[in-house]
Protein chains: 2
Amino acid sequence: MDQSHANSTVNFCQSCAIRNRAICADLDEQEIGVLNKLGRRRRIQAGEQLLWEGDEALLVANVIEGVLKLSTQTSDGREQILGLAYPSDFLGRPFGETAPYGVEALTDAYVCVFERRDFDRFTREHPRLEHKLLERTLAELDKTRRWMLLLGRLNAEQKLATFLLEIADRLSEKTCAAIHLGPSEHITLPLSRQQIADVLGLTIETVSRQLTKLKNDSLIDLPARREVVILDAAGLSHRAN
Amino acid sequence: MDQSHANSTVNFCQSCAIRNRAICADLDEQEIGVLNKLGRRRRIQAGEQLLWEGDEALLVANVIEGVLKLSTQTSDGREQILGLAYPSDFLGRPFGETAPYGVEALTDAYVCVFERRDFDRFTREHPRLEHKLLERTLAELDKTRRWMLLLGRLNAEQKLATFLLEIADRLSEKTCAAIHLGPSEHITLPLSRQQIADVLGLTIETVSRQLTKLKNDSLIDLPARREVVILDAAGLSHRAN
DNA sequence: CGTGCATTTGAGTGGGTTCAATAAATGTGG
DNA sequence: CCACATTTATTGAACCCACTCAAATGCACG
């Protein structure tokens, strides 16, 4: 379970599931060796919090396994989920004083964590890593901006359709080595209805109603609470607009 | 007016209004000299487009003067403004194939543009610049994510109040060398009602109604179409929640 | 099998949109 | 410089989508 005691002797990176997809991908053997000593692996249970919004930004991390949410809260206590983090995604705020959002595991997860100060220093000394991090951040910014269109301009049906297609796509690529068969048609949601609502800027009731509507229209099936089968991806895509 | 003919002989950067605030701030004299040769200054009229969404990403730029909007469109033609760019802000998508959003000048503007390929190469060769760009991008991502909370969870009044406070703050720091007297109370909007609506994910009518409401409540005054006077910043802040 | 929580479903309300008309500001040409 | 056209903003009325509140159902746990 907890393998952190072996940090200094074993190089976990070499057998890491996301070795070729995370920001460490471009590093050479020697660099990976140094980075491996800085980081430690940590298991997080579903529901457990990794970072707290507003807290001092002490950690950064790579997601190895599982799904986590980034979120912030309104002054009246409602939540807005800012994004989901899947395997190979980077978490945390390098070169920052405070964590701009909270991070909580939605499923049991496995992450590779670094003290932010160690990571910052290593990054500044290794331009290849810094470049990779920059490319990631730029891509993340693009994705976040596209999501603004969803929040600002789409109606509930469009939001749900977009969400289902997106998560089906992301979940299908989660198994790293496995063959990629396109977006999976059968997905196990890592989120509750409330959390879906918090992603899309809706209420739990609206999410529920829209899902049953999509089901009645035979675009999806809902065999269980957390299960969704996409029956008609083209139709969904059309509803997403 | 057009000074680009003098590019190779004169170093504009040395007298640049945003020299100490833009990403070039950390470069030394020699580096600035090289960068100066790569870039050219360009005047843009209000309403003129600098980048088109989906086009090949050929340019990046620094804003020297004026305000520009970044925007994207829904399939049915409505617009969502993704952000505003003020002096010293960076524009464009380095290391990317296509422009993820359109850029249009809201006021007459003055920008320092680079061919993206030149800029990419220079950046990779100068880690200090790359680091500055990374910090910018991280900060921009934080800001964009905070804006998601506004789009997803705030009502029309809260959106307007937040918007007014934010723009008052940004516009007050636009004059670089001048003394900073806190957020200005009198602002000249660089946006039309329609554009404000596109920023906040509302309609033009709702924007108009909320503004008159804030005026009737003596939180602001509207001496002219494009003029706003903030009478009670604390009250506004309270409405922003 | 019963308790507790998540989800669904129903009914009613309301905030923001839509459509329509008016008013104010801006531009244009004589 | 003014009359007229055009654009932009405001205001009004009706509607509708998503929210709120409430109840019922379903599922997971002991």
Side-chain angles (χ1 to χ4, degrees), chain A residues 45-47 74 76-80 106-107 150-164 188-217 220-228 239-241, chain B residues 45-47 69 74 76-81 106-108 150-164 188-217 220-229 239-241:
Chain A
Q45 290 189 313
T74 55
D76 61 332
R78 287 172 307 153
E79 193 173 13
Q80 175 67 51
L106 294 175
T107 64
L150 174 139
L151 289 174
R153 290 294 184 210
L154 301 195
N155 63 28
E157 184 181 49
Q158 295 173 314
K159 285 180 177 179
L160 253 301
T162 306
F163 170 77
L164 289 175
T188 300
L189 294 173
L191 307 93
S192 68
R193 296 289 186 269
Q194 181 61 62
Q195 288 164 338
I196 296 174
D198 292 337
V199 170
L200 300 176
L202 297 170
T203 59
I204 182 173
E205 295 95 332
T206 302
V207 170
S208 182
R209 275 187 260 267
Q210 291 300 331
L211 284 176
T212 24
K213 183 152 156 268
L214 292 174
K215 180 185 169 188
N216 291 339
D217 296 353
I220 61 171
D221 193 21
L222 302 166
R225 227 176 251 240
R226 294 266 186 149
E227 309 282 310
V228 182
R239 301 280 176 112
N241 224 346
Chain B
Q45 289 188 314
K69 66 167 195 191
T74 55
D76 61 331
R78 286 173 307 153
E79 192 173 14
Q80 176 68 52
I81 293 184
L106 293 174
T107 65
D108 288 347
L150 173 138
L151 288 175
R153 290 295 184 207
L154 301 195
N155 64 25
E157 184 181 49
Q158 293 172 315
K159 285 179 177 180
L160 254 301
T162 306
F163 170 78
L164 289 175
T188 300
L189 294 173
L191 308 93
S192 67
R193 296 289 187 270
Q194 180 61 62
Q195 288 164 338
I196 297 173
D198 292 336
V199 170
L200 301 175
L202 297 169
T203 58
I204 183 173
E205 296 94 332
T206 303
V207 170
S208 183
R209 276 187 259 266
Q210 291 301 329
L211 284 176
T212 30
K213 183 153 155 267
L214 292 175
K215 180 187 169 185
N216 291 340
D217 297 352
I220 61 171
D221 193 21
L222 302 167
R225 228 183 255 247
R226 295 266 186 147
E227 309 283 308
V228 181
V229 181
R239 302 278 176 114
N241 225 345

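Note: hydrogens, waters and symmetry copies are ignored here, and every other heavy atom, side chains too, is used. So that the names make sense, note that chain A is the first sequence line, chain B the second, and so on, each numbered from 1.
- Checked against side chain to side chain donor-acceptor pair (under 3.5 Å), B/E79 has the following partners two or more places apart in sequence or in another chain: B/K69, B/S71.
- When side chains are defined from C-beta on, B/P190 does not count as touching B/R226, because their heavy atoms never get closer than 4.5 Å.
- Each end of the helix from C/dC1-D/dG30 to C/dT13-D/dA18 gets its own axis, taken as the rotation carrying the C1' atoms of four end pairs onto the next four within a five-pair window, and the two axes meet at 20° to the nearest 10 degrees.
- Across the protein-nucleic acid pair, B/Q194 atom CD and D/dT10 atom C1' stand 14 Å apart, rounded to whole Å.
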Please tabulate the protein-to-nucleotide N/O contacts below 3.5 Å involving nucleotides 26-30 of chain D, giving atom names and distances.
| residue | atom | partner | partner atom | Å |
| --- | --- | --- | --- | --- |
| D/dG26 | N2 | A/R225 | NH2 | 3.2 |
| D/dC27 | O4' | A/R225 | NH2 | 3.0 |

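- The minimum heavy-atom distance between A/L151 and A/G201, with the atom names listed, is CD2-N, 4.1 Å.
- The closest side-chain heavy-atom distance from B/N241 to B/L154 is not below 4.5 Å.
- Here the range on DNA chain C touched by chain B, meaning any atom under 4.0 Å from one of its heavy atoms, is C/dG16 to C/dA25.
- If you take CG of A/L150 and P of D/dA18, they are 12 Å apart, rounded to a whole angstrom.
- Residues meeting the side chain to side chain donor-acceptor pair (under 3.5 Å) test with B/R225, sequence neighbours left out: none.
- Judged as a salt bridge (charged side-chain N to carboxylate O under 4.0 Å, His left out), the pairs with a partner in residues 191-204 of chain A (not counting sequence neighbours) are, in order, A/D198-B/R153.
- For DNA chain C, the neighbouring residues in residues 195-210 of chain A, judged by any heavy atom under 4.0 Å, are A/E205, A/S208, A/R209.
- For A/R78, the side chain to side chain donor-acceptor pair (under 3.5 Å) partners are A/D76, not counting sequence neighbours.
- For B/D221, there are no salt bridge (Lys or Arg N to Asp or Glu O under 4.0 Å) partners, not counting sequence neighbours.
- Distance check, rounded to the nearest 0.5 Å: CG of B/L202 to OG of B/S208 gives 12.0 Å.
- What separates CG of A/L160 from C1' of D/dA18 is a distance of 12 Å, to the nearest Å.
- With sequence neighbours left out, B/T188 forms a side chain to side chain donor-acceptor pair (under 3.5 Å) with B/E227.
- Residue pairs that meet the salt bridge (charged side-chain N to carboxylate O under 4.0 Å, His left out) test with at least one member in residues 200-213 of chain A, sequence neighbours left out, are A/E157-A/K213.
- Distance, B/L211 CG to D/dA9 C1': 10 Å, rounded to whole Å.
- For the pair A/N155 CG and D/dA18 C1', the interatomic distance rounds to 10 Å; values are reported in whole Å.
- Between the CG atom of B/L191 and the C1' atom of D/dT8 there is a distance of 14 Å, rounded to whole Å.
- D/dA18 and D/dA14 are spaced 23 Å apart, taking the P atom of each and rounding to whole Å.
- Looking only at side-chain heavy atoms (C-beta outward), A/V228 and A/L222 come within less than 4.5 Å of each other.
- Here A/D217 pairs with A/R239 under the salt bridge (Lys or Arg N to Asp or Glu O under 4.0 Å) rule; sequence neighbours left out.
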